[in-house]
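Everything on this sheet refers to the single structure shown next.
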Amino acid sequence: MNPNFLDFEQPIADLDAKIEELRHTSHGQAFNIDDEVNRLREKLKLKTADIFRNLTPWQITQLSRHPARPYTLDYIGVMCEEFHELAGDRMYADDAAIVGGLGRINGRQVVIIGHQKGRDTKTKVRRNFGMPRPEGYRKALRLMKLAERFSLPLLTFIDTPGAYPGVGAEERGQSEAIARNLLEMAELKVPVVCSVVGEGGSGGALAIGVGDRVNMLQYSTYSVISPEGCASILWKSAERARDAAEALGLTAPRLLELGLIDKVIREPLGGAHRNPRAMAVRLKAVLLNQLDELAAMPLPDLLEQRYRRLRGHGAYQE
Amino acid sequence: MNWLQKIMTPRARAQSATGGKGKVPEGVWEKCAGCGAVLYKPELERNLMVCPKCSHHHPIRARARLQALFDEGSTQELWAGLEPTDPLKFRDSKKYRDRIVAMQKSTGEKDSLLAMRGSLKSMPLVACAFEYAFIGGSMGSVGGEKFARAAELACKERAPLVCFAASGGMRMQEGLFSLLQMSKASAALARLRDAGVPYISVLTDPSTGGVSASLGMLGDINIGEPRALIGFAGPRVIEQTVRETLPEGFQRAEFLLEHGVLDMIVDRREMRDKLAELFALLMKLPRAA
């Protein structure tokens, strides 16, 4: 089994392998290889569409964590003509689980902040699996303030299992770091557009997720707690994560329907990892549109609208 | 089943299992969780649930806490009619809807956050307190809405705001609605800050998760109660992650004070005086009697 494919993606993996094999076969001239490859490609497309037509929330959760899924720096690489990473919180350390910096998209100057995961064992550890410590959130805050000082719009990319639950993180005030960002982002005097591109893991996600627009990629998730965490508390067994994923309503279309996010951005057939470039181009187009919209608003209106949005979330009766 | 139960009639057995008829009235005596002393409950309550022998702070009901804070007879409860709904039709081993009804019955509260206004040594004050007995003090839409309204009221009336946290975090059964209460509460506090109205956060046992990581840590002054567990992740989750035993006193108020997260630790019996003094200073008012 190819570890870069999820279990429900196996039929796709098999067809993929077959196509690759054929393409690299030089003999067997008895029949036209090109025709056969095209036939298989068509079959692959249909099969993929078939599998992706009815994904369960649990399958979508797995896709949001797919090992081949594009991460923040992958998007930045495609979207920006220019990007200069800026490091450190000026207080304690540089946290590699959050990256940020100055960039240019279609000629437009922006500040970008995002969670960053690693690809191989070494970088995964260095990036702490995308789980920031307080210094990561404080670095993010420093860059937000930089954006504000120079009137540059802020783009954030969210992709984290959650804030890191460790001894040092607690000692250095993980709660305070998250809380501070929520408060500051609520009043940041520049347009803020947040996009959940993978896992939107609870407070660790929200700490860079307060803004004027919140987008979600089609197969990303956003939740108050991970399905595993929820299952182990409410069902007393992490095995029930499937049920928890169902109950939590953490998928993009569901959250749009509930009015908690603004836009679902469609992913290429088979998910963002099948065509990262196409995904980045599509995301870029949406972001540029939203930046245009927000840039046209006078600042007091922008902040009032943001407050109304944040203030409006909730379901209660009186 | 022991020999005595065996010779009892099924009816007598059932009765003895539920406590029977002639049982001793419950809850008159309480054993101190700190020193083990047997305490007379009405006296413990008069002492704000603090053990008179060892000063151990037992959990206190939100309503009792707020009543003890304000000047007698000055309180008015705010938005008491706010009730949770079940936007996700959430169901685990139990339906969320049923859980709410059961909790409302057992605690007498509509949800986990209480809000009141009144006076503290004659100074107008808005106060919130979490009821831990209501689904672990978890904060959902009702908690977020009440807190935001309290902050807005404090802003409008230029009355200081205090909140007593006692919560395991955000309420899972309301999914992302709950998570977004963190940004809602924080946005309201940002406006309070801009208006120059003081907010004091009192973190009591326990204050973890999203409640700590939003309104809990955003006080102009953050106060802890003695020995209170305060943090982002719960100690069990951390232990599982780092796979080692946590140091003694880890995440307790004293530990947080040492690490610079809290301004001070205040005994519950002195809380009213301390809050009145701090608020009077921040509001540039003369010292209250």
Side-chain angles (χ1 to χ4, degrees), chain A residues 134 162-167 169-187 200 202-207 209-210 222-225 229-231 233-236 240 243-244 247-250 254-255 258 260-261 306-307 309-318, chain B residues 79 81-88 90-93 140-142 144-145 148 170-191 193-194 208-210 212-218 230-234 237-238 241-242 246-247 250-251 255 259-261:
Chain A
Y164 185 62
V167 174
E170 293 290 325
E171 285 174 345
R172 296 191 294 280
Q174 186 74 290
S175 280
E176 196 276 342
I178 294 171
R180 182 68 45 202
N181 284 11
L182 302 181
L183 183 139
E184 296 293 347
M185 289 188 93
E187 293 200 329
S202 195
L206 188 63
V210 180
Y222 199 2
S223 180
V224 66
I225 188 170
C230 180
I233 296 170
L234 291 182
W235 279 269
K236 315 279 177 222
R240 302 290 296 272
D243 300 306
L248 283 165
L250 40 64
R254 182 87 174 98
L255 292 171
L258 292 168
L260 296 176
I261 60 162
R306 191 185 304 161
Y307 186 75
R309 289 165 43 83
L310 298 173
R311 189 64 187 77
H313 296 313
Y316 53 86
Q317 56 190 13
E318 196 159 17
Chain B
W79 315 296
L82 280 182
E83 277 194 75
T85 59
D86 180 13
L88 302 179
F90 197 96
R91 174 179 201 152
D92 48 274
S93 54
S141 294
V142 170
E145 181 62 25
M170 308 319 283
R171 188 170 299 163
M172 289 176 282
Q173 291 89 344
E174 291 182 26
L176 200 69
F177 281 100
S178 293
L179 188 74
L180 297 182
Q181 303 310 307
M182 291 170 68
S183 39
K184 178 165 150 182
S186 305
L189 283 175
R191 291 211 156 174
R193 174 185 69 171
D194 297 345
T208 56
S212 146
S214 61
L215 56 95
M217 284 295 165
L218 290 176
I230 303 164
F232 177 64
V237 174
I238 297 173
T241 310
V242 301
L246 300 172
F250 179 64
Q251 290 186 314
F255 175 95
H259 283 90
V261 178

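Since the structure is predicted, the reported quantities are computational estimates derived from the model, not experimental observations. In the text below, chain A, chain B and the rest are named by the order of the sequence lines, each starting its count at 1.
- Between Gln173(B) and Leu234(A) there is a side-chain heavy-atom pair separated by less than 4.5 Å.
- Side-chain contact between Glu170(A) and Phe232(B) is present, with at least one heavy-atom pair separated by less than 4.5 Å.
- A distance of 11.5 Å separates OG of Ser186(B) from CE of Met185(A), quoted to the nearest 0.5 Å.
- The side-chain hydrogen bond (donor to acceptor under 3.5 Å, both in side chains) test applied to Glu171(A) returns no partner, not counting sequence neighbours.
- In this structure, the side chains of Val167(A) and Leu246(B) come closer than 4.5 Å at one or more pairs of heavy atoms.
- In this structure, chain A has heavy atoms under 4.5 Å from both the backbone and the side chain of Glu145(B).
- With a 4.5 Å cut-off on non-hydrogen atoms, Leu183(A) touches chain B through its backbone and its side chain both.
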TODO: Report the C-alpha separation of Asp92(B) and Asp243(A) in whole Å, then their side-chain angles, then the decisive distance to 0.1 Å, and conclude whether the side-chain contact (heavy atoms from CB on, under 4.5 Å) test is met.
DONE: CA-CA 8 Å; Asp92(B) 48 274; Asp243(A) 300 306; over 6 Å; no

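- With a 4.5 Å cut-off on non-hydrogen atoms, Gln251(B) touches chain A through its side chain but not through its backbone.
- No part of Asp86(B) comes within reach of chain A, as not one of its non-hydrogen atoms sits under 4.5 angstrom from that chain.
- Looking at Arg191(B), the atoms closer than 4.5 Å to chain A (heavy atoms on both sides) sit in the backbone and in the side chain alike.
- If you take CG on Leu180(B) and CG on Leu182(A), they are separated by 10.0 Å, rounding to the nearest 0.5 Å.
- In this structure, chain B has a heavy atom under 4.5 Å from the side chain of Arg254(A), while its backbone stays farther away.
- Applying the side-chain hydrogen bond (donor to acceptor under 3.5 Å, both in side chains) criterion to Ser141(B), with sequence neighbours excluded, gives Glu174(B).
- The greatest number of non-hydrogen atom pairs below 4.5 Å with chain A, out of Ser214(B), Gly144(B), Pro84(B), is found for Ser214(B).
- Ranked by heavy-atom pairs under 4.5 Å with chain A, the first of Asp194(B), Thr208(B), Leu215(B), Val142(B) is Asp194(B).
- Residues Ile233(A) and Met172(B) approach most closely at CG2-CE, 3.6 Å, considering heavy atoms.
- Glu318(A) contributes atom CD, which lies 12.0 Å from atom OG1 of Thr85(B) (distance to the nearest 0.5 angstrom).
- With respect to chain B, the highest number of heavy-atom pairs below 4.5 Å among Leu310(A), Leu260(A), Asn181(A) belongs to Leu260(A).
- Between Ser178(B) and Val224(A), the closest heavy-atom pair is CB-CG2, 4.2 Å.
- Options Gly234(B), Gly210(B), Ala185(B), Ala187(B) differ in how many heavy-atom pairs under 4.5 Å they form with chain A, and the most are formed by Ala187(B).
- When each of Leu255(A), Leu206(A), Ile261(A) is scored by its heavy-atom pairs under 4.5 Å with chain B, the top score falls to Leu206(A).
- Put simply, the side chain of Leu179(B) reaches to within 4.5 Å of the side chain of Ser202(A), judged on heavy atoms.
- Contacts between Ala163(A) and chain B at a heavy-atom distance below 4.5 Å involve backbone atoms as well as side-chain atoms.
- Looking only at side-chain heavy atoms (C-beta outward), Leu258(A) and Leu88(B) come within less than 4.5 Å of each other.
- Among Phe255(B), Phe90(B), Trp79(B), Phe177(B), the residue with the largest count of heavy-atom pairs under 4.5 Å with chain A is Phe177(B).
- Across all non-hydrogen atoms, the minimal contact from Met217(B) to Ala179(A) is CB-CB, 4.1 Å.
- Atom CG of Leu82(B) sits about 9.5 Å away from atom CD of Gln317(A), to the nearest 0.5 Å.
- Between Ala190(B) and Glu187(A), the closest heavy-atom pair is CB-CD, 3.5 Å.
- Per-residue counts of heavy-atom pairs under 4.5 Å with chain B were compared for Arg309(A), Glu176(A), Arg172(A); the largest is that of Glu176(A).
- Counting heavy-atom pairs closer than 4.5 Å to chain A, the top-ranked of the candidates Leu176(B), Val237(B), Leu189(B) is Leu176(B).
- With a 4.5 angstrom heavy-atom cutoff, Phe250(B) touches chain A only via side-chain atoms.
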